[in-house]
Amino acid sequence: MSMELTPVQTVACCSPLAREPLSASEAEGIAPLLKALADPVRLRLMSLVASHEGGEASVCDLNDAFELSQPTISHHLKLLHEVGLLDREKRGVWVYYRARTEALENLAALIGGQAK
């Protein structure tokens, strides 16, 4: 049984792009994470959650920033969670999202060429 890495785990394992080329499997593993961030709504959601007071936000905290329905925003948040960029915690009827800062730092190191 082979254990596949998540996109976030793959990013954490890779050397910066400027140091050595990605293998085909590394590129395939990282692409879902970059695709998730390539959507303008999801990129803004990441920014809003990461910079929100207390470092976490619920859908209700984010609704007013968009002309989108709550289910659409929830869908985008779910995708960001699935690729490993957001953690989520259910408290009562509310779900709170928090940016996984280590995932963002590893992505920055991969793209920016910083030593990890």
Side-chain angles (χ1 to χ4, degrees):
M1 180 167 128
S2 72
M3 186 162 175
E4 259 186 67
L5 297 176
T6 67
V8 168
Q9 291 169 326
T10 303
V11 167
C13 293
C14 293
S15 294
L17 297 178
R19 189 173 304 149
E20 66 182 67
L22 292 174
S23 69
S25 64
E26 288 170 335
E28 283 183 35
I30 295 167
L33 189 147
L34 295 173
K35 285 179 183 178
L37 284 176
D39 181 272
V41 171
R42 290 191 291 269
L43 185 59
R44 283 194 61 218
L45 281 169
M46 277 301 304
S47 174
L48 289 165
V49 171
S51 65
H52 198 269
E53 186 178 333
E56 65 181 14
S58 70
V59 175
C60 293
D61 297 324
L62 304 168
N63 264 348
D64 292 342
F66 300 92
E67 292 183 14
L68 299 170
S69 69
Q70 180 272 325
T72 299
I73 292 172
S74 291
H75 171 74
H76 285 293
L77 290 166
K78 177 184 173 198
L79 291 174
L80 291 167
H81 171 74
E82 287 175 347
V83 297
L85 291 170
L86 291 177
D87 282 328
R88 67 180 176 196
E89 179 184 345
K90 186 166 180 157
R91 297 183 212 143
V93 297
W94 303 106
V95 177
Y96 289 86
Y97 293 88
R98 178 177 292 279
R100 294 192 61 214
T101 53
E102 70 281 0
L104 296 174
E105 289 166 359
N106 287 337
L107 182 60
L110 175 74
I111 294 170
Q114 303 168 359
K116 295 195 278 183

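- Counting heavy atoms from C-beta outward, L48 and D61 have side chains that stay 4.5 Å or more apart.
- Within the 4.5 Å cutoff, the side chain of L86 has no heavy atoms near those of the L45 side chain.
- D87 approaches R100 most closely through the heavy-atom pair OD1-CD, 3.1 Å.
- In terms of hydrophobic clustering, with Ile, Leu, Val, Met, Phe, Trp and Tyr side chains grouped at heavy-atom distances under 4.5 Å, V93 and Y96 are assigned to a common cluster.
- Between E26 and P21, the closest heavy-atom pair is OE1-O, 4.3 Å.
- Rounding to the nearest 0.5 angstrom, the gap separating the OG atom in S58 from the CD atom in Q70 is 9.5 Å.
- Two different hydrophobic clusters hold L85 and L79 under the rule that ILVMFWY side chains link at heavy-atom gaps under 4.5 Å.
- Every residue meeting the side-chain hydrogen bond (donor to acceptor under 3.5 Å, both in side chains) condition with R98, not counting sequence neighbours, appears here in chain and number order: E56.
- Nearest heavy-atom pair across L104 and A99 is CD1-CB, 4.2 Å.
- One distance of note links NZ of K78 with OH of Y97; it measures 9.5 Å at 0.5 Å rounding.
- Every residue two or more places apart in sequence or in another chain was checked for a side-chain hydrogen bond (donor to acceptor under 3.5 Å, both in side chains) with S51, and none qualifies.
- Without hydrogens or angle criteria, N106 side chain to A103 main chain gives no donor-acceptor distance under 3.5 Å.
- Hydrophobic clustering of Ile, Leu, Val, Met, Phe, Trp and Tyr side chains at less than 4.5 Å, counting indirect connections, unites L43 with I73.
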Given side-chain contact (heavy atoms from CB on, under 4.5 Å), test L77 with L62 step by step and report yes or no.
CA-CA 10 Å; L77 290 166; L62 304 168; 4.0 Å; yes

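- Judged purely by atom type and a 3.5 angstrom limit, R44 uses its side chain to pair as donor or acceptor with the backbone of A65.
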Tell me which donor-acceptor pairs under 3.5 Å the side chains of residues 30-42 have, and how far apart each pair is, sequence neighbours excluded?
from, atom 1, to, atom 2, distance (Å)
D39, OD1, V41, N, 2.9
D39, OD1, R42, N, 3.1
R42, NE, A36, O, 2.9
R42, NH1, H76, ND1, 3.0

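- V83 is not listed as a side-chain neighbour of V8, based on a closest heavy-atom distance of 4.5 Å or more.
- If you take CG on L80 and CD on E82, they are separated by 9.5 Å, rounding to the nearest 0.5 Å.
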